[in-house]
Amino acid sequence: MEDRTLRALGLDVVPREHPLEYPGAWPRESGLLDGDRLLPLDRWAFEDRVPVISIGSNACPAQLRHKLAESGITSPLPMVRARVSGIGIGVSAHVSLTGYVSNSPVATPKRVSELFVLWLDARQLTVIDASEGVPLPHGNFRRAWLPAPDVRVELPDGSTLPGAYAYVNPRGVLHDGAGAPRTHLGQRPLLTGLLSTLPRLRDLFGTTPEAFSARARADRGLCERGTRLFAEEGLVTAGGLERYVTTHGAPALRAPCPVRGAGATPGSSPAPPARGRVRSGAGRPAGSPAPRTARRAS
């Protein structure tokens, strides 16, 4: 039998514990995260769950497992690799308490990205929201609904979603020096570049990526100073998705919407959504006790 553990698949490093590995390893294909295993999926849409596009470490199975286990959640989580048009990966304009500068979605109308869609149940959504700072008045991210056709999410079978949620930083993202959103090329090269060009950042966080991560971890005041420094240095620009952000952080959940079938055109009958609860490879139905409050927000 094939070993489907995260360790065997090379997906077991947790960016929260190893900040310079952010955003962590992403799977090569869709799968069902079930504890320490990533199992094959036999469908791509789940009408009783919420679709959330992953931009950073939420596409890393080890990071997801860490976040959920911290709050006592063990239910399986479908991760579907999708072709997403309209958003790409930028650099969030904040320093995270977990010791890294994270990804943030940016508007890219003419670009297609390979991203993961998480299908979260209510308990899982509560935990992931908390990890992104959504419930906090000044949290770093807000969960925003990105509707089609502004954002097109194509599942592996060619069907598309009427929209999906994503975590957007209302403060904006870092730019590339010419005003366009900067591309996140990995934590170590990103921090090396920022530290080499920003003396004030070196004064706060040291001269190396290792020093930056060590000083930032769990030092809220220092992270806030680093975040303000990005704005003071004129490095922040709009990511293009701020208009979808609501003032209270998380919009009301939308009623389940049918998935439009492959090749369907507006006005045609959509393909029926898949039904039933997610089950693990052992046949255990999804579900778990109410989550404890997540301890850390990114």
Side-chain angles (χ1 to χ4, degrees), residues 23 26 30 44-59 64 77-94 102-122 124-126 128-135 139-156 158-174 180-184 237-261 264 266 270 273 298:
W26 293 10
S30 302
W44 316 120
F46 304 82
E47 70 167 3
D48 56 345
R49 288 172 170 253
V50 177
V52 178
I53 300 171
S54 298
I55 301 297
S57 64
N58 285 337
L64 286 171
L77 192 165
M79 304 177 65
V80 176
R81 192 177 180 97
R83 288 172 54 83
V84 181
S85 303
I87 62 173
I89 299 174
V91 180
S92 186
H94 83 282
S102 64
N103 294 357
S104 186
V106 295
T108 55
K110 298 181 179 180
R111 185 180 306 169
V112 178
S113 301
E114 293 278 344
L115 301 172
F116 276 89
V117 174
L118 307 181
W119 289 92
L120 303 176
D121 64 27
Q124 292 166 346
L125 182 66
T126 297
I128 302 303
D129 272 1
S131 76
E132 302 297 338
V134 171
N140 291 311
F141 289 99
R142 294 292 180 258
R143 175 164 45 81
W145 176 258
L146 307 180
D150 298 358
V151 173
R152 184 177 190 273
V153 181
E154 181 182 330
L155 303 179
S159 60
T160 59
L161 300 180
Y165 291 100
Y167 294 106
V168 176
N169 187 344
R171 295 189 185 94
V173 296
L174 301 187
R182 184 171 186 159
T183 300
H184 204 308
T237 189
L241 300 173
E242 292 81 4
R243 66 183 184 276
Y244 301 108
V245 175
T246 61
T247 57
H248 55 278
L253 290 180
R254 294 175 177 257
C257 298
V259 177
R260 190 170 296 281
S298 61

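Taking each heavy atom of A45 and W119 in turn, the nearest pair found is CA-CZ2, 3.7 Å. Residues S30 and F116 share a closest heavy-atom pair of CA-CE2, 4.2 Å. Nearest heavy-atom pair across P23 and G56 is CB-C, 3.8 Å. The two residues L77 and R49 make their nearest non-hydrogen contact at CA-NH1, 4.2 Å. Of all the heavy atoms in A144 and Y244, the pair that sits closest is CB-O, 3.5 Å. Here the shortest heavy-atom pairing between F46 and P78 reads CE1-CB, 3.5 Å.
Once rounded to the nearest 0.5 Å, the distance linking CH2 of W26 with CE of M79 reads 9.0 Å. Expressed to the nearest 0.5 Å, how far OG of S54 lies from CD1 of I89 amounts to 10.0 Å. Once rounded to the nearest 0.5 Å, the distance linking CD of E154 with CZ of R81 reads 13.0 Å. The CZ atom of R152 lies 10.0 Å from the CG atom of L161; values are rounded to the nearest 0.5 Å. Separation of atoms OG (S102) and NE2 (H94) is listed at 4.0 Å; rounding is to 0.5 Å.
A 4.5 Å side-chain heavy-atom check between V84 and V112 finds every atom pair outside the cut-off. Annotation: side chain of R142 is not in contact with side chain of V168 (no heavy-atom distance under 4.5 Å). Between R83 and T160, the closest side-chain pair of non-hydrogen atoms is not below 4.5 Å. Between L146 and I87, some side-chain heavy-atom pair lies under the 4.5 Å cut-off. Considering only heavy atoms from C-beta on, W145 stays 4.5 Å or farther from V151 through its side chain. Residues R171 and N140 are in side-chain contact: their nearest non-hydrogen atoms beyond the backbone lie under 4.5 Å apart. At least one side-chain heavy atom of L118 sits under 4.5 Å from a side-chain heavy atom of L64.
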Given the rule in the side-chain contact (heavy atoms from CB on, under 4.5 Å) test, do V153 and I53 qualify, once you have shown the distances and angles that lead to the verdict?
CA-CA 9 Å; V153 181; I53 300 171; 3.9 Å; yes

Going through the checks in order, is the side-chain contact (heavy atoms from CB on, under 4.5 Å) test met by Y167 and N58?
CA-CA 10 Å; Y167 294 106; N58 285 337; 4.1 Å; yes

Set out, in order, the CA-CA distance, both residues' side-chain angles and the distance that settles side-chain contact (heavy atoms from CB on, under 4.5 Å) for N103 and I55, then state yes or no.
CA-CA 6 Å; N103 294 357; I55 301 297; 3.8 Å; yes

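Under the side chain to side chain contact (heavy atoms under 4.5 Å, CB included) rule, R143 has a single partner from L125, I128, V245, which is L125.
For the residue pair N169 / S92, a side-chain donor-acceptor distance below 3.5 Å is found, with atom types taken as modelled.
Side chain of E242 to backbone of G240: a donor-acceptor contact under 3.5 angstrom is found. Formation of a donor-acceptor pair under 3.5 Å by the Q124 side chain with backbone atoms of D121 is found in this model.
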